[in-house]
A.B. asks: 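Please see the structure below; I have some questions.
Everything numeric here is computed off the predicted structure, so don't read it as measured data.
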Amino acid sequence: MSRLDRLLRPRSLAFIGGTAAELAIDASRSFGFSGDMWAINPRRELRDLPTFASVGELPEVADAAFVGVGRDATVEVVRQLAAAGTGAAICHASGFAEIGEAGAALQAELVAAADGMPIVGPNCYGTLSAPTGAALWPDVHGLSRSDRGVALLSQSGNIAVSLTMQRRCLDIAWVMTLGNQADVGISEAFEAMVADGAVTGVGLCIEALDDVERFAEAAAVAGRRSLPVVAVKLGASETAGAIAVTHTASLVGDDAAYDALFDRLGIRRVHTLPELLDTLAVLCALGPLRGSRLVSFSCSGGEAALVADRSRGLGLSFPPFAPDHADRVASALDGRVAVTNPLDYHTLIWGDEARLAVCFGAALGAGAREAVPAPFDAALLVIDFPAEGLDRSRWWPTLQAFSGACKASSTPGVVAASMAENLPIEARIRAAELSLVACGDIDTALSALEAAAVWGEQTGSSVCSALHQPNEAGPGCTVLPEYESKQRLGAAGVAVPAGMVVTAARAASAAAQVGYPVVVKATGSAHKTETGGVAVGLGDPADVDSAASRLASDHGTVMVESYVTDAVAELLLSVRSAPPVGMLLTLGAGGILAEMLDDTASLLLPVSADDVRGALRTLRVWPMLAGHRGRPPAAIDAVAEAVSALGALVRDDRSIIEVEINPLMVTPHCAVAADALMLVAEAPE
């Protein structure tokens, strides 16, 4: 049993305050709440409800309460509600932790006053429960009553209000805004929603996670229940973004950690609210697709080209029709159309439902005597309806024919317009009646179909909830010198060049000891290449002496180490703490190309060797690693071993905040950390 059960399905409500409480009363009445409702206001009656002067005068204990008083009064009201045994409280007032230190202290008082009673907020809009009609919500909303549907969880109240106004024929069962998350956070709310049998999917609007392990466990429950989860990440975490001493910090923000987390947990990340809603609609209606092969229909070559263009970069394919399959489609169009996928069926049969049905059916293989050589996993119809007040009668046959062909061939069907405003609500409703899913526009439809295809690939695989938590930085941090960083890396099993720090006068003898050719480096610069602090490939003592004299630090020292030859490619390899998500591994093009190419892939630790290989294949430098134009391939297994050693190091040494190896010189036989930085937490004094 969740401690939020009484809030999600309340049988009685209390409304405390003035205008905001009255708005919440109005919302619950218009939503059809049939349970007991009471008001608390010592000075006036609220909306003809039984109104009491204090919580202690209520005739019964309320399952949930809307607290719409000022911030200072909120603490005392919450204390009284908790003492009375109230199920949960929505704290609407602002002026708490979001305003700074004084507000944070008041918020701590609020949590203490609740004494374990769930608090949603403060600084939030509240909750909507479509199964019960409870609207602890001081504003208008667009929900309809529904016994089942998706749950929308948002840290932004205004975004949640906007989401309720959707017109996608998407049943929404609960909306919950979290505000400051003083007590109930998005992870607990997510946990409660995925455990409820009436929830068909979850949409998340996240600013930052409060409890990553709990969130991951809830995602695992969603996976076991085959519940689609779609997330919009609002903004980017600033937790570690200010640490810009490494290339990685400037290349990969902590937002990449959320990408990696969502990918690991099977959560679809999207970037706009229309994409959030359309993806939920498609996933809830179609479930996971068996593959990513699509066919698209439109009556315009421009729209067909637009579908093809907008699908670039997505994990979708539009396989061509096999010859005999194409012949059947061409025959349905009197041989007057070039049969391609996406298919422009022109307007030759516009408005003729029978001929449209033959065309769509032939393309989808409906009624074919033998199996269609190029099966499709889903079909997309692009259709733009006339504006309100214009004749739409000639558009309905296309929708009807498309639905019939999808049903006859057991092909999931999605409808979209080239612009969202061209798919009116009556078309969306009619599409739903015809077992089709309507998306606003081509982009959101393609994104949603890709999500369904990815979900299909993940079906049957377990969701990994084992997360490597970020190391905790103490009161400050220190950048270790390169030599010391490499000593730690070498001890952990990462290959590093032989080398030593010596005075400039001893550089030549050090070079002879490590073996020519050598590299001579300044010992005080984080980015030596950019500052001219490195001399590479030196082959004789005179060159070493000259470089050492030029590069010697204030202490008169330089670093001399062996030069890595025969490198196939230079990579960037880093692990950095990205609270609250975990330890973020980044692989990418390294050396002087690191910031120029911005070619990186990110994963959350722990990772397998196969994960590393897969990430490397996504990079633009992969052809070099694979052996470009007859050159020998790089030692990919050695890269995976370096990642494994680095992962073990940051797992076991909790003081490490970030490690960057740049470049990791990858030869046909080994992977060597030619340069490295390490950021560690300072020990408390």
A.B. asks: Under the rule for salt bridge (charged side-chain N to carboxylate O under 4.0 Å, His left out), what residues qualify as partners of R269, not counting sequence neighbours?
C.D. replies: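 Applying salt bridge (charged side-chain N to carboxylate O under 4.0 Å, His left out) to R269 gives D255, D259.
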A.B. asks: Under the side-chain contact (heavy atoms from CB on, under 4.5 Å) rule, collect the residues that match up with A495, sequence neighbours excluded.
C.D. replies: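 A495 satisfies side-chain contact (heavy atoms from CB on, under 4.5 Å) with V672 once adjacent residues are dropped.
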A.B. asks: Would you sort out whether M559 and M500 count as a side-chain contact (heavy atoms from CB on, under 4.5 Å), showing the intermediate values?
C.D. replies: CA-CA 6 Å; M559 183 163 62; M500 59 187 74; over 6 Å; no
A.B. asks: The criterion is side-chain contact (heavy atoms from CB on, under 4.5 Å); which residues satisfy it with A448, sequence neighbours excluded?
C.D. replies: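 With neighbours one apart ignored, the set is T279, V282.
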A.B. asks: Show the numbers, then the answer: is there a side-chain contact (heavy atoms from CB on, under 4.5 Å) between I159 and L163?
C.D. replies: CA-CA 6 Å; I159 283 179; L163 289 174; 4.0 Å; yes
A.B. asks: With distance as the sole test, does D566 use its side chain to make a donor-acceptor pair with the main-chain N or O of P668 at under 3.5 Å?
C.D. replies: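 Answer holds: no.
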A.B. asks: Taking S485 for the side chain and M678 for the main chain, is one N or O donor matched with an acceptor at less than 3.5 Å?
C.D. replies: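 Yes: the side chain of S485 pairs with the backbone of M678.
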A.B. asks: Could you give the side-chain donor-acceptor pairs of residues 624-648 under 3.5 Å, partners two or more places apart or in another chain?
C.D. replies:
unit_1: D637; atom_1: OD1; unit_2: R613; atom_2: NE; d: 3.4
unit_1: D637; atom_1: OD1; unit_2: R613; atom_2: NH2; d: 2.9

A.B. asks: Residues in side chain to side chain donor-acceptor pair (under 3.5 Å) with E561, at least two apart?
C.D. replies: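 Residues passing side chain to side chain donor-acceptor pair (under 3.5 Å) with E561: K486, K521.
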A.B. asks: For the side chain of Y563 and the backbone of G539, is there at least one donor-acceptor N/O pair under 3.5 Å apart?
C.D. replies: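 The answer is no, because no donor-acceptor pair under 3.5 Å joins these two groups.
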A.B. asks: When you measure from the side chain of S154 to the backbone N and O of S156, does any donor-acceptor pair fall under 3.5 Å?
C.D. replies: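 Between the backbone of S156 and the side chain of S154 there is a qualifying donor-acceptor contact (under 3.5 Å).
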A.B. asks: Name all pairs fulfilling the salt bridge (Lys or Arg N to Asp or Glu O under 4.0 Å) condition that reach into residues 488-500, sequence neighbours left out, sorted by first residue then second.
C.D. replies: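 Residue pairs with at least one partner in residues 488-500: R488-D653.
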A.B. asks: Okay, side chain of S546, backbone of A542: is any donor-acceptor separation there less than 3.5 Å?
C.D. replies: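 No; zero donor-acceptor contacts below 3.5 Å.
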A.B. asks: Considering all heavy atoms of both residues, which atom of A378 and which atom of L289 are nearest to each other, and what is their separation?
C.D. replies: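 Here A378 and L289 meet closest at CB-CD1, 4.0 Å.
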A.B. asks: Tell me every residue that passes side-chain contact (heavy atoms from CB on, under 4.5 Å) with S509, counting only those two or more places apart in sequence or in another chain.
C.D. replies: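 S509: side-chain contact (heavy atoms from CB on, under 4.5 Å) contacts with R506.
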A.B. asks: Please list, chain by chain and in numerical order, all residues satisfying side chain to side chain donor-acceptor pair (under 3.5 Å) with D441, sequence neighbours excluded.
C.D. replies: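 Scan of D441 (side chain to side chain donor-acceptor pair (under 3.5 Å), adjacent residues dropped) gives T444.
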A.B. asks: Mind running side-chain contact (heavy atoms from CB on, under 4.5 Å) on V659 and S574 for me, showing each step along the way?
C.D. replies: CA-CA 5 Å; V659 182; S574 81; over 6 Å; no
A.B. asks: Looking at D599 and R620, would you say the former's side chain and the latter's main chain have a donor-acceptor pair under 3.5 Å?
C.D. replies: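 Indeed, once roles are kept as given, a pair shorter than 3.5 Å links the two residues.
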A.B. asks: Applying side-chain contact (heavy atoms from CB on, under 4.5 Å), name anything that partners A492, two or more places apart in sequence or on another chain.
C.D. replies: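 Scan of A492 (side-chain contact (heavy atoms from CB on, under 4.5 Å), adjacent residues dropped) gives L649.
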A.B. asks: Quick one: does D675's side chain have a donor or acceptor within less than 3.5 Å of a partner on P663's backbone?
C.D. replies: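 No; judged by distance alone, with no hydrogens or angles, the pair does not exist.
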A.B. asks: Give a yes or no on whether the backbone of G590 and the side-chain of N662 come within a donor-acceptor separation of less than 3.5 Å.
C.D. replies: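 No.
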A.B. asks: Quick one: list whatever passes salt bridge (charged side-chain N to carboxylate O under 4.0 Å, His left out) with D543, sequence neighbours left out.
C.D. replies: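 For D543, no residue satisfies salt bridge (charged side-chain N to carboxylate O under 4.0 Å, His left out) once neighbours in sequence are set aside.
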A.B. asks: Apply the test side-chain contact (heavy atoms from CB on, under 4.5 Å) to residues V150 and V199: give CA-CA distance (whole Å), side-chain angles for both, the deciding distance (0.1 Å), then the verdict.
C.D. replies: CA-CA 5 Å; V150 302; V199 172; 5.9 Å; no
A.B. asks: Only pairs at least two apart or in different chains count here, so list each salt bridge (Lys or Arg N to Asp or Glu O under 4.0 Å) that has a residue in residues 271-283.
C.D. replies: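 Found R168-D278.
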A.B. asks: Ignoring hydrogens and angles, tell me if any N or O in the side chain of D377 forms a donor-acceptor pair with the backbone of R290 under 3.5 Å.
C.D. replies: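 No, D377 side chain to R290 backbone: no donor-acceptor pair under 3.5 Å.
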A.B. asks: Below 4.0 angstrom, N of the basic side chain to O of the carboxylate: do E450 and R268 qualify?
C.D. replies: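 Looking at E450 and R268, the cut-off is met.
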A.B. asks: Indicate every side-chain donor-acceptor pair of residues 185-194 with a distance under 3.5 Å to a residue at least two apart or in another chain.
C.D. replies:
unit_1: S187; atom_1: OG; unit_2: D210; atom_2: OD1; d: 2.8
unit_1: S187; atom_1: OG; unit_2: D211; atom_2: O; d: 3.0
unit_1: E188; atom_1: OE1; unit_2: R3; atom_2: NH2; d: 3.2
unit_1: E188; atom_1: OE2; unit_2: R3; atom_2: NE; d: 2.6
unit_1: E191; atom_1: OE1; unit_2: R214; atom_2: NE; d: 3.1
unit_1: E191; atom_1: OE1; unit_2: R214; atom_2: NH2; d: 2.8
unit_1: E191; atom_1: OE2; unit_2: R214; atom_2: NE; d: 3.3

A.B. asks: Would you check if the side chain of Q155 reaches a backbone N or O of L178 as a donor-acceptor pair within less than 3.5 Å?
C.D. replies: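 Answer holds: no.
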